[in-house]
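Just so you know, these numbers use all the heavy atoms, side chains as well, and skip hydrogens, waters and symmetry mates. Just so it is clear: chains get the letters A, B, ... in the order the sequence lines come, proteins before strands, and each one is counted from 1.
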Amino acid sequence: MSGNQAAAEAIRQINPDVIAAFPITPSTEIPQYVSAFKADGLIDTEFIAVESEHSAMSACIGASAAGVRAMTATSSAGMALMYEMLYVAASDRLPIVLAAVNRALTGPININADHSDSMGARDSGWIQLYCENAQEAYDNLIMANRIAEHPDVMLPIMICQDGFITSHGIENIVIEDDSEVRTFVGEYRPGKYLLNPSESLAVGPYSVSPYVIEMKRAVHEAMVKAKDIVRLVSEDFGRAFGREYGFMERYRMDDAEYAVLLMSSAAGTGKDAIDALRDKGVKAGLVKLRMFRPFPARELADVLKRLKAIAIMDRSDGFSATGGPLNAEVRAALYGEADVKATGYIYGLGGRDVRVEDFFAIFDDLSGLAAGRELPYCRYIGVRE
Amino acid sequence: MEDNERKGGAAIVARGYSMIEIRWHGRGGQGAKTAALLLADVGFSAGLYVQGFPEYGPERMGAPITAYNRLSKDKIRVHSNIYEPDMVVVVDETLLKTVDVAAGLKIGGKLLVNTGRAPADVLAGFGDIDAEIYVIDAVDIAVRAIGRPMPNSPLLSAVIRLSGIMGRDEAVHAMEEAFKEKFHSKPEIVEGNMTAVMEAWSSVLRINE
């Protein structure tokens, strides 16, 4: 089953009240499968075929504010067209679920995987979880509603998987029993909602200066609490279905001296590289960050502090001239907490293949870095020179 | 499932592999991608861990495309393309002039060409290569069995046979199940495809020593 099929299966089992979506490669198949489920009577979701992604998110905002479960899917320029409404969804505290299939943002135009689309939404107030494979895309979607809808959170959430690499690749996957998934996800009982005649409410009006910063702080506080809820829901998921998820996956980190840190599909390739390096006696490890928003800074510092050197790998460039967002945020997490040498890499833009050999080169760099070699703050890897 | 898991995994191990990696070369619209995805389905039904994925570029009819399969007894984590395949499948022989289809092919690996040309003619194009070279005229089989020059079903059959992951009866059953699923909206074409896969199973031919 492909990652898109896996996401669609999760949506079928969740059976949300509303899906509003506009097609864009490589996430198109998700609403396509879902509309077939609807036509076949497998779900009773209201499927709203909108005319743009801006409208898709707007329709989700309307539905969620009215008091029902709303979901959508998108990629790349589609997500960029949603940006304005992504901020509205977070500010209005609407627990919308977005199945994101990461694709490069245009310039040059390209349909393949990188994280520039969802990284552009990193400051919007959405929770972001990243997936290595189809199984994780499925599992994280099953957990998404409970995280987003928790009364302490009430924030939208996007579940990100890599375009084509996992969205269109066929892999083995475990699909859980419908009724068990529905029991796990549970019914949505909104606290305050527009269609409640006994409690009138305004959602999303113009806010004057005396209110805006309080609303933003409320999002901040919800994001702080979201960490606990992600942990609790993930533990619950582990008990129900046997697959364990934390804020990050630590692969062969217990005695590691050098490690790479990255997200999504390339982490799988990295694990094969780690095994090969371990066979050669290199104390190599890998940290796969699952949760980018909220950012688990303290937990990351705790995991990384004993290393001699760390490579931070971004699948998007922030064009700060100092690398991508992971590089900046991981270094910030280490500041004052640990004296670990770090170097950043930009990799895999526009679907550039990431090979096991790329990781070997990175670990060569890391041993040099630990031995005192100067390395740039950040550089590109896998580039034709 | 557990029995199958042992069977499929054992078939791979017996052939000296822990994983079989296959690279397909075709042109957009010929079904190389579909064949790779179907092979993943069939491998799954043999209890294997599988991957099937195309390399997406500009999507247009006739452009060269590459698709990949991994079939393994263990969980597959790697998500990169395949650079040193155990088997290469050439869906469109006109690519032999422009693409180095044998690039990275493992020593003693298998190379399957869809062609109606004479073996000596095909061999001449490969020179001194340490690989088992096979041919099948999948277009001819498809035209006679399905009525259209769609070579992917007969090629799928030939690839499964060469991979050794399952015997004929099991493979035929698995392909039929995969076709029924894939073509659920047009069940009338399953029969022709099954005729094609059975003919292909017995007609794939090794042409070098």
Side-chain angles (χ1 to χ4, degrees), chain A residues 1-5 25-26 36 39-40 103-104 108-113 131-136 161-174 249 251 262 264-276 286 288 315 347-348 350-359 382, chain B residues 1-2 4-5 8-9 18-19 21-24 28 32-60 63 65-84 104 156 178 181-182 184-185:
Chain A
M1 186 175 283
S2 73
N4 277 345
Q5 279 176 295
T25 302
D40 293 344
R103 161 184 161 184
I109 191 165
N110 169 269
I111 59 169
N112 298 97
C131 310
E132 178 184 327
N133 49 40
Q135 186 73 57
E136 293 189 5
Q161 63 167 313
D162 282 346
F164 292 109
I165 301 167
T166 60
S167 73
H168 284 62
I170 304 282
E171 296 182 347
N172 303 56
I173 176 174
V174 176
E249 179 186 345
Y251 187 72
L262 74 172
S264 298
S265 66
T269 310
K271 289 176 194 168
D272 274 11
I274 300 298
D275 285 359
L286 179 147
K288 179 184 78 187
R315 203 162 192 154
Y347 75 98
R352 176 59 51 90
D353 200 21
V354 190
R355 304 176 60 174
V356 169
E357 290 77 9
D358 293 326
F359 288 91
Chain B
M1 179 64 195
E2 279 186 7
N4 265 339
E5 212 160 274
S18 61
M19 188 192 290
E21 295 183 300
I22 302 170
R23 189 174 66 211
W24 301 72
K33 172 193 142 186
T34 302
L37 301 189
L38 285 168
L39 178 58
D41 285 344
V42 170
F44 175 77
S45 68
L48 294 170
Y49 286 96
V50 297
Q51 279 182 347
F53 56 100
E55 189 173 4
Y56 282 86
E59 295 183 54
R60 57 182 196 269
I65 68 132
T66 315
Y68 304 92
N69 282 112
R70 290 189 175 93
L71 306 167
S72 172
K73 70 179 179 59
D74 300 313
K75 190 172 176 188
I76 306 170
R77 301 178 302 191
V78 65
H79 275 123
S80 63
N81 295 339
I82 293 167
Y83 298 91
E84 292 175 2
L156 173 69
E181 168 78 21
K182 176 77 188 165
H184 64 92
S185 59

| query | How far does CG of A:Asn133 sit from CD1 of B:Ile76, to the nearest 0.5 angstrom? | reply | 11.5 Å
| field | From CA spacing to verdict: side chain to side chain contact (heavy atoms under 4.5 Å, CB included), B:Ser80, A:Val354 | value | CA-CA 6 Å; B:Ser80 63; A:Val354 190; 5.8 Å; no
| request: Please determine, among A:Ser265, A:Ala273, A:Ala267, A:Gly169, the option with the most heavy-atom pairs under 4.5 Å with chain B. | output: A:Ser265
| task | Report the option among A:Val356, A:Asn110, A:Asp358, A:Asp275 that has the most heavy-atom pairs separated by less than 4.5 Å from atoms of chain B. | result | A:Asp275
Quick one, [X] and [Y] - any side-chain contact, counting heavy atoms below 4.5 Å?
X: B:Tyr83; Y: A:Arg355; value: yes
X: B:Phe44; Y: A:Glu171; value: no
X: B:Gln51; Y: A:Asn172; value: no
X: A:Met1; Y: B:Asp41; value: no

| request: For B:Lys33, look at atom NZ and say whether over 12 heavy atoms of other residues, nucleotides or ligands are found less than 6.0 Å away. | output: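 It does not: B:Lys33 NZ has 12 such atoms or fewer within range.
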| More than 12 non-hydrogen atoms from neighbouring residues, nucleotides or ligands closer than 6.0 Å to CD on B:Glu84, yes or no? | no
| request: Heavy-atom distances under 4.5 Å only: say whether A:Asn112 touches chain B with side chain, backbone, both or neither. | output: side chain
| What part of A:Thr166 lies closer than 4.5 angstrom to a heavy atom of chain B: side chain, backbone, both or neither? | side chain
| task | Work out which heavy atom in B:His79 is nearest to a heavy atom in A:Thr269; give both atom names and the distance. | result |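 For B:His79 versus A:Thr269, the nearest heavy atoms are N-OG1, 2.8 Å.
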